[in-house]
Amino acid sequence: MDKQSLRNIAQRLMDGDKGLLAMDESIATCNKRFAEAGIPQTEEYRRKYREMIVTTPDLGECISGAILFDETTKQAADDGTPFIDLLVKGGIIPGIKLDEGAKSQPAFPGEKVTEGLDGLRERLKVYAVQGLKFAKWRAVITIAEDTPTDGSIYANAHALARYAALCQEAGLVPIVEPEVLMDGSHTIERCFEVTERVLHIVFEVLIQQRIYLEGMILKPNMVVSGLLAPVQADAEEVADATVQCLLRCVPAAVPGVAFLSGGQAAQDASAHLNAMHIKYKDKLPWALTFSFARAVQQPAMEYWAGKEENVAVAQQLLYKRASINNAARRGEYTPAIEA
Ligand code: 13P
């Protein structure tokens, strides 16, 4: 394992006020979002959409790394330049989603376990040659009356740790993403309790599997109220709960934490990240940034709507959302910069 190289990649991903762009929607998820936005669900439209993103002028000022889906790693812009080359030229480190999705976990009704470990060492060799420097694996944890169970949390933690070990062997920085879903009417206190349990188990198993903590990044959910909860915690409550939970669970050796947005409104995700920085900026042992998909892409995707003539404005919207999150990372976000 090249520890120095892993540390360098992780540091570059957390650089300055930048964050990561998750653009690694699987074919099914991308098609679902396209359907909602009235965009044809074909490989060519997925290519055009990803071309719009990776050719956004100056995106590298705001984004340190982009997480790709396998299909995108093989695609190129209209002029034939591979997307991976365009990203690197723009100063954005290319990464890859490695998991093959969360599937129903046998004997654990209502819970899922993420698949994709078989053949992973060989897939990683190919991705390393293609120039991909980091990777992502997402585990999905659902809050309900009787879930999550420790049986499911441990199964997911074990898969995350096995994946992370294979990444580090291959020289890619693993992003470890245990996502506690926002779905449901649970309180922020319940989200805290579940997220704390999940992160404790995830780090217990990462350490057991000898993951080099200095060469990984954690991608957690923020601690928030359930989407359907009648009382919604405000930004300061989210910041307090999230930071307290992370301080209890995430070793200081981990260089960075990069949040998923998880279905929060784009403005909320920015306001929450901002509140954490305003109050805790100098008290955190790790860098704290964003690795959003929906909360950066959504306005751009909706405006683009699959139309060539909308590309330039869609790119401005994408750049704007990314730069607003840079401001949040500096603790300088205000609702006024949305205008
Ligand atoms: P969202 O920001 O849309 O939750 O996506 C982040 C991600 O990468 C999910 O795996």
Side-chain angles (χ1 to χ4, degrees), residues 13 18-34 36-37 49-50 53 62-73 92-103 112-116 132 134-143 156 159-160 163-164 167 173-184 191 195 198 202 216-224 226-227 238 242 256-273 288-302 317-318 321-322 324-326 328-329:
L13 287 171
K18 292 182 191 179
L20 294 143
L21 174 63
M23 49 178 289
D24 61 336
E25 297 83 1
S26 64
I27 292 173
T29 302
C30 189
N31 285 348
K32 188 172 139 227
R33 307 239 162 102
F34 276 12
E36 286 159 8
Y49 178 63
R50 266 69 186 248
I53 294 177
C62 317
I63 298 294
S64 57
I67 314 170
L68 308 177
F69 182 64
D70 179 72
E71 180 181 78
T72 314
T73 65
I92 297 174
I93 305 173
I96 179 78
K97 181 229 269 309
L98 290 179
D99 67 74
E100 293 178 346
K103 310 284 160 62
K112 292 185 168 175
V113 64
T114 301
E115 297 186 350
L132 296 152
F134 70 102
K136 182 190 106 173
W137 180 289
R138 172 175 175 255
V140 177
I141 307 291
T142 307
I143 298 183
N156 277 293
L160 279 165
Y163 135 84
C167 284
V173 167
I175 295 189
V176 171
E177 180 180 13
E179 174 173 4
V180 177
L181 295 177
M182 287 177 73
D183 301 353
C191 180
T195 304
V198 167
V202 165
M216 64 160 278
I217 286 170
L218 178 72
K219 175 161 172 168
N221 51 285
M222 296 183 190
V223 176
V224 292
L227 277 172
V238 170
T242 304
V257 174
F259 293 107
L260 59 95
S261 58
Q264 301 177 63
Q267 291 87 338
D268 291 347
S270 304
H272 293 161
L273 182 63
L288 205 57
T289 190
F290 60 94
S291 176
F292 300 155
R294 282 164 286 182
V296 168
Q297 291 183 46
Q298 205 59 33
M301 182 189 287
E302 282 167 13
L317 291 171
L318 187 78
R321 211 57 255 158
I324 282 176
N325 285 302
N326 298 148
R329 198 179 158 184

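Indexing begins at 1, ligand by ligand and atom by atom, following the structure's order. Values below: every heavy atom of this structure, side chains too, minus hydrogens, waters and symmetry copies.
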Going by the order shown, which atoms of ligand 1 are within less than 4.0 Å of some heavy atom of [X]?
X      : result
Phe292 : 2 (O)
Ala22  : 8 (O)
Ala293 : 1 (P), 2 (O), 3 (O), 5 (O), 6 (C)
Lys136 : 7 (C), 8 (O), 9 (C), 10 (O)
Lys219 : 6 (C), 7 (C), 8 (O)

Going by the closest heavy atom to atom 1 (P) of ligand 1, which one wins out of Ser261, Ser26, Ala139?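 That would be Ser261.
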Would a distance-only check, ignoring hydrogens and angles, find a side-chain to backbone donor-acceptor pair under 3.5 Å from [X] to [Y]?
X      : Y      : value
Asn156 : Lys112 : yes
Tyr163 : Gly116 : no
Lys219 : Ser291 : yes
Asp24  : Ile67  : no
Arg329 : Lys18  : yes

What I want to know is whether Gly262 and ligand 1 share at least one N or O pair that is separated by under 3.5 angstrom.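 Yes, there is a polar N/O contact under 3.5 Å.
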Polar contacts were defined as any N/O atom of the residue lying under 3.5 Å from an N/O atom of the ligand; does this apply to Glu177 and ligand 1?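 Looking only at distances, the answer is yes, because the N/O contact criterion of under 3.5 Å is met.
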Atom 3 (O) of ligand 1: which protein heavy atom is closest, and how many Å away?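 Checked against all protein heavy atoms, atom 3 (O) of ligand 1 sits closest to Arg294 NE, 2.6 Å.
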How about Thr195 and Asn221: does a side-chain donor come under 3.5 Å of a side-chain acceptor?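 Yes, Asn221 and Thr195 have a side-chain donor paired with an acceptor closer than 3.5 Å.
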How does Arg138 reach ligand 1, by side chain, by backbone, by both or by neither, if only non-hydrogen atoms under 4.0 Å count?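 Contact part for Arg138 vs ligand 1: side chain (C-beta onward).
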Under the salt bridge (charged side-chain N to carboxylate O under 4.0 Å, His left out) rule, what do Glu25 and Arg50 come out as? Steps first, then yes or no, please. CA-CA 11 Å; Glu25 297 83 1; Arg50 266 69 186 248; 3.0 Å; yes
